[in-house]
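Working notes for the structure below.
These values consider heavy atoms only, across backbone and side chains, with no hydrogens, waters or symmetry-generated copies.
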Protein chains: 4
Amino acid sequence: MMAGEIAIERRRQILDGAVRVFARQGFHATRVSDIADQADVAYGLVYHYFQSKEKVLDEIFTERWSLLLEAIDAARDSDLAPREKLGTVAGFIIDSYRFDPELMKVIIVEVTRAANSFGRTHLDEIDDAYRRIAEIVSEGQEVGVFRADVDPYVASMSFYGVIEQVLTGWIFGLFPAADEDFDNARDLVVGLVCRGIDSEPETG
Amino acid sequence: MMAGEIAIERRRQILDGAVRVFARQGFHATRVSDIADQADVAYGLVYHYFQSKEKVLDEIFTERWSLLLEAIDAARDSDLAPREKLGTVAGFIIDSYRFDPELMKVIIVEVTRAANSFGRTHLDEIDDAYRRIAEIVSEGQEVGVFRADVDPYVASMSFYGVIEQVLTGWIFGLFPAADEDFDNARDLVVGLVCRGIDSEPETG
Amino acid sequence: MMAGEIAIERRRQILDGAVRVFARQGFHATRVSDIADQADVAYGLVYHYFQSKEKVLDEIFTERWSLLLEAIDAARDSDLAPREKLGTVAGFIIDSYRFDPELMKVIIVEVTRAANSFGRTHLDEIDDAYRRIAEIVSEGQEVGVFRADVDPYVASMSFYGVIEQVLTGWIFGLFPAADEDFDNARDLVVGLVCRGIDSEPETG
Amino acid sequence: MMAGEIAIERRRQILDGAVRVFARQGFHATRVSDIADQADVAYGLVYHYFQSKEKVLDEIFTERWSLLLEAIDAARDSDLAPREKLGTVAGFIIDSYRFDPELMKVIIVEVTRAANSFGRTHLDEIDDAYRRIAEIVSEGQEVGVFRADVDPYVASMSFYGVIEQVLTGWIFGLFPAADEDFDNARDLVVGLVCRGIDSEPETG
DNA sequence: TATGAATGAGTTTTCATTCAT
DNA sequence: AATGAATGAAAACTCATTCAT
């Protein structure tokens, strides 16, 4: 193993440690020394790899958020039906939480919902996701499966808002978080956003 | 005017000043001296009326949130149809933002979406709102206007999540916030949550 | 009862309240509001009667210490034998503690033993007591009942040091403080200072 | 020189600086910045090495007091006569003052005589000294050189009280503090405590 | 006299960041 | 790369004192 690889490993160690303490204590309440302790790394090394505590969170966020953007792109560009595309996106986010709840907690709590700090900093990236999801909605409207009288961007925001609220429920412990709950969540969210909660109009 | 009334006025002054600076800078970035300056009051007076900076925010939140809880109760106990009840609740929240955006920004950004700090502290009060809204959904299910296959609590969370996301859009400047936008928002949210974004199935 | 008398009563109330809180918490740890609360008097009234928190303690000390000076004078000028005079002084101090332990605790802990604060302020008054006691010792030397090779001032300091240490033992709870202990203390102190702890040399 | 040694040096620097400012201004009147300035060290370094200002004083006291306890033990366990043992103890304390008056001033003024703050905190350690000295007195009673009718613990307290009062005289500038005074003080104290101030009974 | 609201200087403590090794 | 000691700015909070009523 070469020196460069070790360095990469150390960065990882620090990022992973930071995720754990940020998830547990929140960004503001964690000291740089907490990150170093959790990562099992010397205090000063955090500053060797990162310019500041904020940059650590920035990287945590961007690393993950870019995967989300890719996932949305992939869904959008796929051959699936619009509703399935939304399902894919919802599934990706829900699985992200399912398999790394600490990371997603940090991203949601410390960034996307932190309008006064990191939310503002990363607003463009966050908005980017809304816009790409909106493109899926637009397509659905063009092919006639989604109503044309809803602004696609608003629909996108709402869709994302529902997903985040569900994750928030898990984060806060308001919802049960068993395997089956995760399994159902995707369809539940998509069903809710697409069909609403009204009972079906009598047909025929 | 009596001494007691002056004291009440001073509390108000401090609370109002705090809302303004919290909205502008965020809770963590505002110093107690900022509150005092904004409220045009001596530094120490903040501590005369409040035990700590946190207690100021606590009171700001609780004061407003209790109004929301009352509004939900009033809607729930009214003679309106379930969907109208949801509309009333959505309208109340949207109007709260419309007529005091700084206050609502503080409540959402610093409390309901701050899972690591005040969100946790006020979780019971927040959850209380979800539960009361869920009761409206339950009623709708009982009378058959809402689908029975959606958990009322999940539906309530989603409903609230959509509203908060819309407010977040305004807060971030992602949505236009003209009078007509506020006028439409209520029906838009309710329409979205109730009917979803699917185009109407062909009837007949 | 006239206005002047009420004023005197209020001063007393404040002084007495101050003694209780000073004894319990120490001078530094007691706030002016504690004094007011304990005295059952409005906050600002403390400042109506006293220039500052320090002046309250000054008066507490001086009021009592002047009694001690008078008692020493009375003993010194009496017809008693020198050893009896010392016994009278010791008895006065011990009884002062016996019948008002809080007051004496404050005087000792906050003034006579507080070399960096009030001890320095009241050094002349404290030293005055040492000098007057020394006069008793001098007289004893002149009439031949006390050894001439001990500096009277040093003897006086030692005598006072022993008494204060005994009071300190009570204050700290290191000594039992039953009635009989107080009864014995006077003779014990005088016996110790006069005869020492050596066993009697064999005579004859 | 290694890093560890430097760290130890810095602690020393801070402790020594603290002794000087505590002696000059008293614990309450010295700010942490005074300690840092006096120690010629950055502000934050005080907190790097000590949890709080109080812990600095705690360490100053305990470091020195443990030497005293050792000295008492050594005297008690020596082959000297009881009276000589007391002389050794008195000599140790007096020399402690003679060669480091600032340190002893801090210990006496801020700890052993501060019944409302550090005296209480360190009561066990202080009492430990009294008890060990009392063992010397007990031994003297057993071998018949000290009177049996004096409680050894009370005698110990008195002995210590006399020494402290003498040091207090020096601290306050009430006693001359030339070399000869220090030379004499030890015998003076022991003579006083052992033989008292009474003139010798006529023998023969 | 009496009240207690108002003032603001003063101090501890924290902790992100730097830097010498 | 790695370490952790050193730095010092920043902020919350306290509380003696003043003052308007």
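Following rounding to the nearest Å, D/Leu57 (CG) and E/dT12 (C1') show an atom-to-atom distance of 16 Å. F/dA6 atom P lies 5 Å from atom CG of D/Leu45, rounded to whole Å. Nucleotide F/dA2 holds its C1' atom 16 Å from the CZ atom of A/Arg11, rounded to whole Å. If you measure from atom CZ of A/Phe50 to atom C1' of E/dT18, you get 18 Å, rounded to the nearest angstrom. Following rounding to the nearest Å, B/Lys55 (NZ) and F/dA12 (P) show an atom-to-atom distance of 17 Å.
Near DNA chain E, defined here as any heavy-atom distance below 4.0 Å, the residues from residues 28-38 of chain A are A/Thr30, A/Arg31, A/Val32, listed numerically.
Of the charged side-chain nitrogens involved, none lies within less than 4.0 Å of a carboxylate oxygen, so that C/Arg24 and C/Glu102 do not count as a salt-bridged pair. Salt bridge annotation for C/Glu59-C/Arg11: present, with a cationic side-chain nitrogen under 4.0 angstrom from a carboxylate oxygen.
No side-chain heavy atom of B/Ile126 sits under 4.5 Å from any side-chain heavy atom of A/Phe172. Contact of the A/Asn116 side chain with the B/Gln25 side chain is not registered, since no non-hydrogen atoms from C-beta on lie closer than 4.5 Å.
When the side-chain nitrogen and oxygen atoms of C/His48 are compared with OP1 and OP2 of E/dA2, none of them lie within a distance under 4.0 Å. OP1 or OP2 of E/dA2 sits under 4.0 Å from a side-chain N or O of C/Arg10. OP1 or OP2 of E/dT17 sits under 4.0 Å from a side-chain N or O of A/Tyr47. The shortest distance between the side-chain N/O atoms of C/Tyr49 and the OP1/OP2 oxygens of E/dA2 is below 4.0 Å.
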Step-by-step side chain to side chain contact (heavy atoms under 4.5 Å, CB included) determination, C/Phe61 to C/Glu125: CA-CA 10 Å; C/Phe61 171 76; C/Glu125 291 156 278; 3.9 Å; yes

Verdict with supporting geometry, B/Trp65 and B/Val111, side chain to side chain contact (heavy atoms under 4.5 Å, CB included): CA-CA 11 Å; B/Trp65 199 256; B/Val111 187; over 6 Å; no

Tell me which donor-acceptor pairs under 3.5 Å the side chains of residues 38-51 of chain A have, and how far apart each pair is, sequence neighbours excluded?
from	atom 1	to	atom 2	distance (Å)
A/Gln38	OE1	A/Arg20	NE	3.1

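Here the CG-CZ distance, from D/Leu57 to D/Phe27, works out to 5.5 Å after rounding to the nearest 0.5 Å. In this structure, CD1 on C/Ile14 lies 8.0 Å from CZ on C/Arg10, to the nearest 0.5 angstrom.
The residue among C/Val46 and B/Asp40 whose nearest nucleotide of DNA chain E is located toward the 5' end is C/Val46. Nearest-nucleotide positions on DNA chain F place D/Tyr43 closer to the 5' end than the other of B/Lys53 and D/Tyr43.
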Strand DNA chain F as a dot-bracket string - pairs counted if Watson-Crick or G-U with both distances under 3.5 Å, | where the partner lies in another strand: .||||||||||||||||||||

